[in-house]
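Here's the structure, in structure tokens; my notes come after.
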Amino acid sequence: MAVAPDGVKDGFQLTKEASASGPVALVVDGAQRDLAAVPPGGSDVHVVTQTDELGREIMRHSAAHVLAQAVLRLYPGAKYAIGPPIEDGFYYDFEVAAPFTPEDLERIEAEMRAIVAENQRFERSEPGRDAALETFVDQPYKLEIISGVAEGADALEQQGASGATISLYSNRRAGEDEPSFVDLCRGPHVPATGRIRAFKLLRSSGAYWRGDEHKPMLQRIYGTAWESKDALNAYLHRLEEAERRDHRRVGRELDLYSWPEEVGPGLAIWHPKGAVVRKTLEDLSRAMHHERGYEPVYSPHIGKRTLWATSGHLDFYKESMYPAMRVEGAEYFLKPMNCPFHVLVFRSRTRSYRELPVRFSELGTVYRYERSGTVHGLLRVRGMTQDDSHIFCRPDQVVDEMVEVIDFLRALYGTVGLGPDRVRFSTKPDKSVGAPELWDLAEEAIPKALQKAGVDYQVDAGDGAFYGPKIDVDARDAIGRYWQLCTIQVDFQLPERFGLEYTDEHGARERPVMIHRALFGSVERFTGVLVEHFAGAFPTWLAPVQAVVIPIADRHVAYAGGVAQRLHNGGVRAEVDDSDDTMGAKIRRGQLQKVPYMLIVGDAEASTETVSVRPRSGKERRDVAVGDFADTIVAEIQARKLDPSY
RNA sequence: GCUGGAGUAGCUCAGUCCGGUAGAGCAGCCGCCUUGUAAGCGGCCGGUCGCAGGUUCGAAUCCUGUCUCCAGCUCCA
């Protein structure tokens with residue numbers, strides 16, 4: 001940070017004097033500017049360098065322009081739409097005659113290298129609306145964006161339509177008058193294309209214009225760009241690492257679960273080892289719900305039409321429901337949610353204000369007809385089990401209940417070693433039920449609770465459930481995608497629709513408020529995220545096999561069996577590898593299966609009642625008394641420790 | 001649902017462009033070896049080439065349809 005001196009000096013001169021490394025752009029009084037800009041005397045000037053996240057973002061945005069120039073050079077007649085920077089990279093959308101092939105991407109990348117080598121300058125201009133319209137007379141998407149400026153469409157701001165100012169950025173080859181590329185753009189940009197040091201095109205795919213499936217599909221090219229070859233390689237390595245952690249791949253390698261084609265898309269079957277992980281999580285969930293005053297309930301998988309009509313699902317959720325089954329003249333639907341059943345548990349008798357809040361919980365398996373093309377391993381399925389609870393409380397209890405739920409969430413996630421990465425507050429959607437006043441009440445309660453719990457959050461306008469606003473907590477998967485896990489929803493509608501009541505202290509009938517909440521979200525998705533989070537190397541308490549005893553030779557099998565039995569008696573999931581492989585092969589197998597502890601036993605161990613403990617880390621410890629190991633691992637499991645004891 | 005890509009043994013993949021009745025490694029099974037910290041050796045088994053049509057004397061290979069998966073878009077826990 002510096003104060004700009006008086007007198008006309010642009011960013012180039014300023015940064016030269018400040019000897020900043022790798023300057024990319026300026027932030028002048030909080031506004032991003034090109035290095036070529038001349039900050040007014042006395043203004044606050046901050047130099048953005050190429051390794052700042054902002055600097056990378058600007059450079060990636062510039063790389064998107066280079067991509068567009070390359071495509072326009074190679075594919076005459078191509079229309080270009082938008083090309084923003086995104087996390088770790090950039091993309092650009094085009095309308096072209098045919099989708100891009102991998103070979104196309106190679107050609108385009110080569111062309112981009114040429115443009116970078118030409119070191120074309122980025123030059124800003126503000127030609128005014130009419131001139132801009134003239135410039136893009138053959139570019140319908142650009143014309144549409146420019147038209148949006150007049151209507152004050154904020155969403156288009158980043159495409160060069162900030163406020164009423166229309167700005168263009170031109171690239172020019174040295175010594176030529178005509179620009180080789182012009183784009184509508186807010187900027188800023190790097191000074192010249194040569195500043196894009198290392199980049200790679202990653203993939204192409206279809207993408208709807210403005211993300212609207214009713215609008216034409218454009219062809220999007222994704223790329224990544226970095227300030228150095230090393231940084232690019234590090235990123236590519238990260239992508240590979242992410243692929244190694246992919247829960248679908250790990251699940252196959254560790255024999256956790258599968259999706260047989262004959263069952264149907266998005267419907268998983270759990271193998272014994274995956275089932276252990278899942279059950280361990282479910283047991284944890286049940287135990288914690290019990291501690292926090294939730295009462296278990298059970299409900300069926302199907303319910304008659306009238307139930308779903310009353311709840312509003314048939315009006316607002318039907319496209320996500322499997323079609324009706326007809327039995328004895330009645331229509332039954334597979335449940336997409338558990339809430340109507342829990343509502344009926346509440347309504348099964350009269351309720352007093354004295355017993356509120358009432359908290360019902362169920363690991364309820366629901367079925368949703370997700371559109372084909374959206375299912376994804378365990379992270380997006382059609383049959384899922386929610387750790388679903390419904391809290392029925394008085395209106396004055398809502399905020400405290402939500403604070404309690406958030407506390408619960410933190411305790412639960414902390415136990416498994418996940419941090420809630422992102423919290424979103426979603427407000428009333430277009431399709432919704434209920435009186436606006438009730439929505440207002442609910443939407444006031446949520447931020448209040450979040451603030452009281454000290455949680456940072458972002459607002460997603462219009463993303464709420466049809467019956468109420470919600471808090472969603474997202475976790476990141478191995479390749480940086482966010483997955484919605486926990487959801488907490490405030491609902492005034494279902495109590496109304498089902499006519500729920502309690503008697504208050506004056507004998508009057510009052511309507512309770514409902515809080516819907518699932519902390520894992522779905523057990524399937526949560527498990528999938530955890531598999532990626534741990535890359536299959538679960539902490540001991542979650543590991544399918546917690547210890548494998550490895551006899552060195554056949555004569556040690558009996559002793560190994562005794563060790564395993566002793567561990568088993570202590571509740572440890574222990575096995576003996578009595579295959580006729582060599583010890584090295586057994587260790588390798590244990591290592592690949594990511595078993596927390598391998599216990600190697602030979603003559604030395606058998607004669608002294610000890611084991612050699614070889615943890616996954618490979619740091620072996622010899623001469624550990626069997627009893628000591630058993631005590632240690634049992635304590636580690638019971639405490640649900642995330643780090644190994646050895 | 002949309003755009004593109006891909007389906008060959010349990011897994012990873014070769015063969016497909018230029019039709020001539022399928023091949024490797026790992027896994028599995030059997031046997032030998034009796035092992036001291038990430039793959040001992042030998043043998044055997046294993047595929048209606050996703051499915052259904054079509055073209056052809058002949059189809060894993062070419063054509064059409066369909067299912068599933070993958071990436072992205074859209075939508076969601």
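In what follows, chains carry the letters A, B, and so on, assigned in the order in which the sequence lines appear, proteins first and then strands, with residues in each chain numbered from 1. What you see is a predicted model; the values in this text were computed from it and never measured.
Of the two residues contacting RNA chain B, namely D554(A) and D472(A), the nearest-nucleotide position lying further toward the 5' end is that of D554(A).
Side-chain to base pairing of R525(A) with rC76(B): one donor and one acceptor N or O lie within less than 3.5 Å of each other. Between the side chain of Q219(A) and the base of rG72(B), no donor-acceptor pair under 3.5 Å is found.
Remark: R220(A) qualifies as a cation-pi partner of Y91(A) under the 6.0 Å distance and 45° angle criteria applied to the six-membered ring.
With respect to the salt-bridge test (charged N to carboxylate O, under 4.0 angstrom), the residues E443(A) and K428(A) do not qualify.
Looking at residues two or more places apart in sequence or on another chain, you find no ring-ring contact (aromatic ring centres under 6.0 Å, His included) involving W439(A). Remark: R203(A) pairs with no residue by the side chain to side chain donor-acceptor pair (under 3.5 Å) rule, at least two apart or across chains. Applying the side chain to side chain contact (heavy atoms under 4.5 Å, CB included) rule to E609(A) yields the partners Y559(A), R566(A); only residues at least two apart in sequence or on another chain are considered. The side chain to side chain donor-acceptor pair (under 3.5 Å) test applied to H342(A) returns E362(A), H390(A), not counting sequence neighbours. In terms of the ring-ring contact (aromatic ring centres under 6.0 Å, His included) criterion, F199(A) has no residue partners (sequence neighbours excluded). Listed by chain and number, the residues in a side chain to side chain contact (heavy atoms under 4.5 Å, CB included) with A70(A) are I108(A), E111(A), M112(A), I115(A) (sequence neighbours excluded). With sequence neighbours excluded, the residues satisfying side chain to side chain contact (heavy atoms under 4.5 Å, CB included) with K215(A) are W209(A), D212(A).
With a cut-off of 3.5 Å on both Watson-Crick or G-U wobble distances, the partner of rC17(B) is given as none.
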* Begin with the C-alpha distance, continue with both residues' side-chain angles, and end with the deciding distance and a verdict on salt bridge (charged side-chain N to carboxylate O under 4.0 Å, His left out) for R238(A) and D88(A). => CA-CA 11 Å; R238(A) 245 180 17 216; D88(A) 295 329; 3.3 Å; yes

* To do: Might you work through the salt bridge (charged side-chain N to carboxylate O under 4.0 Å, His left out) test for E401(A) and R359(A), ending with a clear yes or no?
  => CA-CA 10 Å; E401(A) 279 302 301; R359(A) 308 184 186 101; 3.0 Å; yes

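In this structure, the nucleotide among rC76(B), rC70(B), rU74(B) sitting nearest to the side chain of R248(A) is rC70(B). Closest to the side chain of M217(A), out of rG36(B), rC2(B), rC75(B), is rC2(B). Nearest nucleotide to the A207(A) side chain, out of rA38(B), rC73(B), rC76(B): rC73(B). The side chain of Y222(A) lies closest to rC73(B) when the candidates are rC73(B), rA38(B), rA77(B). In the set rU35(B), rC73(B), rC69(B), rC69(B) carries the atom at the smallest distance from any side-chain atom of V375(A). Taking the side chain of R220(A) as heavy atoms from C-beta on, and the options rC73(B), rG36(B), rA77(B), the nearest nucleotide is rC73(B). Distances from the side chain of R622(A) to the nucleotides rG36(B), rA71(B), rC75(B) place rG36(B) closest. Listed nucleotides: rG36(B), rA77(B), rC75(B). Nearest to the side chain of R371(A): rC75(B). The side chain of Q591(A) approaches rA38(B) more closely than any other nucleotide in the set rA38(B), rU74(B), rU68(B). Checking rU35(B), rC76(B), rU74(B) against the side-chain heavy atoms of R380(A) singles out rC76(B) as nearest.
The ring pair (Phe, Tyr, Trp, His ring centres under 6.0 Å) analysis of residues 603-624 of chain A, with sequence neighbours excluded, yields no pairs. Listed by first and then second residue, the side chain to side chain donor-acceptor pair (under 3.5 Å) pairs involving residues 593-602 of chain A are Y597(A)-E636(A) (not counting sequence neighbours).
Per the geometry, CG belonging to D623(A) stands 17 Å off P belonging to rG36(B), to the nearest Å. If you measure from atom CZ of F316(A) to atom C1' of rC76(B), you get 18 Å, rounded to the nearest angstrom. Straight-line distance from the CG atom of L599(A) to the P atom of rG36(B): 18 Å, rounded to whole Å. Rounded to whole angstrom, the span from the NE2 atom of H313(A) across to the P atom of rC76(B) amounts to 14 Å. One atom, CG of L418(A), and another, P of rA77(B), lie 18 Å apart when rounded to the nearest Å. Nucleotide rA77(B) holds its P atom 18 Å from the CG atom of L412(A), rounded to whole Å. Atom pair E253(A):CD and rC26(B):P shows a separation of 17 Å (rounding to whole Å applied). Residue L530(A) contributes atom CG, which lies 19 Å from atom P of rA77(B) at whole-angstrom precision.
At rA71(B), one or more side-chain N or O atoms of H376(A) fall inside 4.0 Å of OP1 or OP2 (strictly under the cut-off). An OP1 or OP2 oxygen of rA77(B) is reached within less than 4.0 angstrom by a side-chain nitrogen or oxygen of Q484(A). OP1 or OP2 of rA38(B) has at least one side-chain nitrogen or oxygen of R614(A) nearer than 4.0 Å. Residue K470(A) has a polar side-chain atom (N or O) positioned under 4.0 Å from OP1 or OP2 of rA77(B).
When heavy atoms are screened at a 4.0 angstrom cut-off, F520(A) is found touching no nucleic acid atom at all.
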Tabulate protein N/O versus nucleotide N/O from nucleotides 5-15 of chain B, keeping only pairs under 3.5 Å, one per line.
{"from": "rC11(B)", "atom 1": "O3'", "to": "R252(A)", "atom 2": "NE", "distance (Å)": "3.4"}
{"from": "rU12(B)", "atom 1": "OP1", "to": "R252(A)", "atom 2": "NH2", "distance (Å)": "3.2"}

Under 3.5 Å between N/O atoms: give me all the protein pairs with nucleotides 39-44 of chain B, atom names plus distance.
{"from": "rA39(B)", "atom 1": "N7", "to": "R588(A)", "atom 2": "NH1", "distance (Å)": "3.4"}
{"from": "rA39(B)", "atom 1": "N6", "to": "R588(A)", "atom 2": "NH2", "distance (Å)": "2.7"}
{"from": "rA39(B)", "atom 1": "N1", "to": "R588(A)", "atom 2": "NH2", "distance (Å)": "2.9"}
{"from": "rG40(B)", "atom 1": "OP2", "to": "T582(A)", "atom 2": "OG1", "distance (Å)": "2.8"}

Pick out the pairs of N or O atoms, protein on one side and nucleotides 47-49 of chain B on the other, that lie under 3.5 Å.
none

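Looking only at atom types and distance, the side chain of R368(A) has a donor-acceptor partner in the side chain of Y317(A) under 3.5 Å away.
Remark: the separation of the C1' atoms in rA59(B) and rC18(B) is 14 Å, to the nearest Å.
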